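To start, the structure under review is shown below, and the notes come after it.
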Amino acid sequence: MTQDYVIITAGGKGTRMGSAVPKQFLPIGGIPVLMRTINRFRAYSDKLSLILVLPKSQIDYWKNLCKTYEFDVPCQIVCGGKTRFHSIYNGLQAIPDQAEGIVGIHDGVRPFPSVKVITQCYETARSAKAVIPVMPVVETLRYLPEHRNVPRSDYRLVQTPQCFNISLLKKAYRQPYNQDFTDDASVVEAYGEKITLIDGNRENIKLTTPFDMEIAELFAKKDSL
């Protein structure tokens, strides 16, 4: 039987946000960021198995937050690792080796992927095996070592969810860790698989700074999934 999964990683400490509370737990429109993120995937499919990767030190905080907000979406919680690579590896261990289907990997602090984009990522991955959403670069790029501009049409901004055939991603993550593994696509490419690109959505920003939170509040006011 086919079963799809999503691994949502949330290991931020809020340093650049200037907050004592980790950014994934800060409220947007009265709802914590991480809960908004989870709700996007529930809106895509209530049959999706959710795996939440958190630092061990934040698990109790998250459980208490769920009680406070009466948030009861079923999630399997897994402890994070020393890097993003190791956190995803831990999350993958929660999926049976014989599992068939698609697994999406998503940043917990990206609460606004459209359901349309999530759907396209999962459905495209059923045949393409490795799919990531991207956005065009709209500003001029300058390459500092040579002090010259570069064609922005040659570049794309990468988003999540990045979706993969489960067996493929598990095999790719058995490779030794490399510091060049900045996302899941880079791990899969190193394993030898081609990556398919699809259009992302502009609202799917990664919340990193207080300014990002201000923009997110505006998105939350007109949010329609």
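The model shown is predicted, which means the values in this text are computed figures rather than measured ones. Index from 1, following the sequence.
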Side chain proximity check, [X] to [Y], heavy atoms < 4.5 angstrom:
X: I8; Y: I51; result: no
X: R110; Y: F112; result: no
X: L65; Y: M35; result: yes
X: P55; Y: C79; result: no
X: E70; Y: D72; result: no
X: F41; Y: P161; result: yes
X: V117; Y: R40; result: no
X: V21; Y: Y61; result: yes

State the [atom1]-[atom2] distance between [X] and [Y], to the nearest 0.5 angstrom.
X: D183; Y: I132; atom1: CG; atom2: CD1; value: 6.5 Å
X: C121; Y: F164; atom1: SG; atom2: CZ; value: 9.5 Å
X: L157; Y: E139; atom1: CG; atom2: CD; value: 9.5 Å
X: C75; Y: L54; atom1: SG; atom2: CG; value: 9.0 Å
X: I38; Y: H106; atom1: CD1; atom2: NE2; value: 10.5 Å
X: N39; Y: I31; atom1: CG; atom2: CD1; value: 7.0 Å

Between [X] and [Y], is there a shared hydrophobic cluster once you connect ILVMFWY residues whose side-chain heavy atoms come closer than 4.5 Å?
X: L50; Y: Y69; value: yes
X: V6; Y: F85; value: no
X: V188; Y: I105; value: yes
X: V138; Y: L141; value: no
X: W62; Y: V53; value: no

When you measure from the side chain of [X] to the backbone of [Y], do you find a donor-acceptor pair of N or O atoms at a distance under 3.5 Å?
X: E217; Y: E214; result: no
X: D184; Y: Q162; result: no
X: R36; Y: I28; result: yes
X: Q24; Y: G108; result: no
X: N149; Y: T140; result: no
X: R42; Y: L48; result: yes
X: T37; Y: V33; result: yes
X: N165; Y: L168; result: yes
X: R156; Y: S153; result: yes
X: R142; Y: H147; result: yes

I would like to know whether V134 and I198 meet side-chain contact (heavy atoms from CB on, under 4.5 Å); could you show each step before the answer? CA-CA 6 Å; V134 299; I198 69 163; over 6 Å; no
Strictly by modelled atom types, are Q76 and S49 linked by a side-chain donor-acceptor pair under 3.5 Å? no
Assess whether ring-ring contact (aromatic ring centres under 6.0 Å, His included) is satisfied between Y89 and Y173, documenting all intermediate values. CA-CA 6 Å; Y89 178 87; Y173 265 87; 7.2 Å; no
Using every non-hydrogen atom in the two residues, find where [X] and [Y] come nearest and quote the distance to one decimal.
X: A125; Y: I102; value: O-CD1, 3.6 Å
X: N201; Y: P113; value: OD1-CA, 3.6 Å
X: I7; Y: G91; value: CD1-C, 3.6 Å
X: T2; Y: G101; value: CG2-CA, 3.7 Å
X: G104; Y: Y122; value: N-OH, 3.3 Å
X: V187; Y: Q175; value: O-NE2, 2.9 Å

Working note: I77 + K63, criterion side-chain contact (heavy atoms from CB on, under 4.5 Å); need CA distance, chi angles, decisive distance, verdict. CA-CA 10 Å; I77 299 177; K63 289 180 177 179; 4.1 Å; yes
Between [X] and [Y], does at least one N-O distance fall below 4.0 Å, as a salt bridge requires?
X: D97; Y: K170; answer: yes
X: K116; Y: D199; answer: no
X: K23; Y: D212; answer: no

Could you give me the CA-CA distance, side-chain angles and deciding distance for L26 and M213, then say whether side-chain contact (heavy atoms from CB on, under 4.5 Å) is met? CA-CA 9 Å; L26 294 174; M213 296 296 287; 3.8 Å; yes
Dump the intermediate steps for side-chain contact (heavy atoms from CB on, under 4.5 Å) on F181 and T83, then the final yes or no. CA-CA 10 Å; F181 291 160; T83 69; over 6 Å; no
